[in-house]
Amino acid sequence: MFEKDSLRAISHKMNTQPHQNMSSSPQIISSRRYIDEASSLNPAQRQAVEITEGPLLVLAGAGTGKTRVLTTRLASLLLSHKAWPSQVLSVTFTNKAAFEMKERVAKLIEGSAEGLWLGTFHSICVRILRKHAELVGLQSSFTILDTDDQLRLIKQLVKAESLDEKKFAPRIVASVISRWKDRGLTPSKITPTSDFEKIILRLYEFYQDRLRILNAADFGDLILLCLKLFMDHSDVLAQYTTQFRYILVDEYQDTNVAQYLWLRLLAQGTGNICCVGDDDQSIYGWRGAEVGNILRFEKDFPGAVIVRLEQNYRSNAHILGAASSLISQNAGRFGKTLWTEKTGGEKVHIQGVWDGEEEARLVGEKVEDLHRQSQSLNQMAILVRAGFQTREFEERFLTLGIPYRVIGGFRFYERLEVRDALAYMRIVVQPQDSLAFERIMNTPKRGIGTSTLQILHQYARCEQVSLPEAALRLIETDEIRGKAKTALHTLLHDIGRWRSQLTTTPHGELARIILDESGYTAMWQVDKSPEAPGRLENLKEFVNALEEFESLPTFLDHVSLVMENITNTSAEMVSIMTLHSAKGLEFNTVFLTGWEEGLFPHQRSLGESGEAGLEEERRLAYVGLTRARERAIITFAANRRVHNQWQSGIPSRFIDELSSQHVERFTVGKRHSFSPPPRRQLPDIHTPQPSSISKTFHVKQRVFHMKFGYGYIVTIEGSKLEIDFDHSGLKMVMGSFVESAE
DNA sequence: CGATAGTTGCTTTTT
DNA sequence: GCAACTATCG
């Protein structure tokens, strides 16, 4: 290791002279694997790997080997000694992608990729901010607030300002503030355009004040503060612009304004920035992502070279054709024509089902079928639009005994007991962490109730101090009496004692001590509820996970930034996930479920941002389809339970937008008859008419409440309910039912 | 202060 | 169909 590094250092020295003409200078590329990889690239890919100087934009369609280009390029930089690991800044979209990229690079260079600055914008910014925290008014031990903490804090502020908690719902306030932060706007740079914004701006200011007191930063701050650091301290910026000789950015279409400005500052040194992205896969507009960034690249970085990757290696011709016809409906895109050498293959299946339950049953059957044909479960994915849809599949798979994993979904670190345990760790590491303190103050029950908490809050606000600090001062006075006083005293004393052990005790052991001595473990041991044993199990798991890290603060950073579940990738499992978390992945078989108007495209996205919202949904559909290599199966349900209410839906407009030569329609079940589309004049589905029929009735002992909107034809004859989905040519007949008295 | 029962509103998507 | 909040009482 040492020897290799010093060799690298020497060759680096030899290479510090500017490389005028890299392509003709001899390159020292010694890795067999790298040579193999590079020689298998197509001309466009090779070009993207070899242009290492100056700004480069790789416009890469779905399945065109974008990741391969990026990793090969990185490996090339290292092997040719143009840069050593610490001089490469590589920004990816998820921590998982960063991890995989690191592994691939290590393989290509047949050595270690340690020392690379490889990670998400957030993790890189944390790394930088920890070093210069004082310059932006934080201590280097600052806490990273997660969404939950953020909402709690905002809620407190809204309450303190006695504002209408409905109009200024924490969620809404948080999202407005976050959007401002995404655009790189600190409070002073904002000119509110309405009274509503004026108030939120005030809340934004208060919120930032509170964060400062708490020595905390939220997700948006990580980028914003780092940006501020670079803008206010040119010496710090210079340090990094000289260090990073090469900058690589994955998924450039998902960057927001703040991230873009951040990148521009860093890239101004060498100008060696390579961005990879696909405007058709921009699906994070709602999070502040600016497609404009990618569309403007040439203007932003003069002399930029643009390389297009258009040969798709992933999907079969039908899937690619269907996806292309879909995305071509969008205006305002770069426009790429993906093509493939593959021919034949299965057409895209489209299947209508009666309800969500049947959808799950159908998918379950298909999975079993394919599995019987010795298709790996790892090669199958079920993609949903919204998180709640996973449940029906989980239930079905549990009864069928099909192993599955939910990606994204409910995370380990979001569980009640894990969050409590985390709060204990946080308050020990970070004395100012009011939110953690509030959380554990009376968990387990110590007799410190709401009235005590109120006194603390009031004092903390008046004196501009953190909650634990307020507690510390108030137990010296007579403000708090009796049981609460002694309990608080003991707690604060305990926290102090644990903190003093931070340097002397191994952190795994310390965690156990904290959980035991605080009485937290005992609380669950005494608990007789059925969840209690599981929670204790999770606490053990928590300590195990914690021991994997070098220290408690490192672990806490990991938890805030890496929200992914620790999943066992080796086991055979079907993946269930949202379309958003499917980005960047690929599978042989992909089930695209819930393609119904209102769910996909989602009602909210249509309502809020109109045409732009619809286009983003369409891109989402495109992303989903292009995940599939061999088989894509689209399903839609005629009925779905939303908020415990049955609602009938009509097939997604996206289904009609798929070129008919690439799709095949099916229907399932004995009770459904399929008739070809009669194609008669239909009411405009985009302007739904008021619900004309709304009835509650029983079907097989179950109560249904259905609203039939959209002017669709529903016939009720005798004990039969018939719904005619003219739009798709699908007619469904439901078995006997009894109309209720309602 | 804390336990309990009843009530409401909620679900897009995530670093 | 659930979590999170509210009202009431011991």
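Residue numbers start from 1 in every chain, and the chains themselves are labelled A, B, ... in the order their sequence lines are given, proteins ahead of strands.
Using a 4.0 Å heavy-atom criterion, one finds that A:T452 contacts the sugar-phosphate atoms exclusively. As judged by a 4.0 angstrom heavy-atom cut-off over every strand, A:D254 is placed among residues making no nucleic acid contact. Looking at heavy-atom distances under 4.0 Å, A:R619 makes no contact with the nucleic acid at all. Counting any heavy atom pair closer than 4.0 Å across all strands shown, A:Y284 reaches sugar-phosphate atoms only and no base atom.
Picking from B:dT11, B:dT15, B:dG2 the nucleotide with the shortest atom distance to the side chain of A:K445 gives B:dG2. Closest to the side chain of A:T120, from the set B:dT15, B:dT12, B:dT14, is B:dT15.
Stacking is found between A:H602 and the pyrimidine-like six-membered ring of the B:dT12 base under the 5.5 Å centre-distance and 30° plane-angle cut-offs.
Within the structure, salt bridge (Lys or Arg N to Asp or Glu O under 4.0 Å) contacts touching residues 219-230 of chain A (residues at least two apart or in different chains) are A:K181-A:D221, A:K228-A:D232.
The shortest distance between the side-chain N/O atoms of A:R171 and the OP1/OP2 oxygens of B:dT11 is below 4.0 Å. Proximity of A:K96 to the phosphate of B:dT14: no side-chain N or O atom is located under 4.0 Å from OP1 or OP2.
Residues that satisfy the side-chain hydrogen bond (donor to acceptor under 3.5 Å, both in side chains) test with A:T255, not counting sequence neighbours, are A:N293.
A gap of 24 Å separates the C1' atoms of C:dC5 and B:dT12, to the nearest Å.
Where A:A386 and A:N442 each meet DNA chain B at their nearest nucleotide, the meeting point lying more 5' is that of A:N442.
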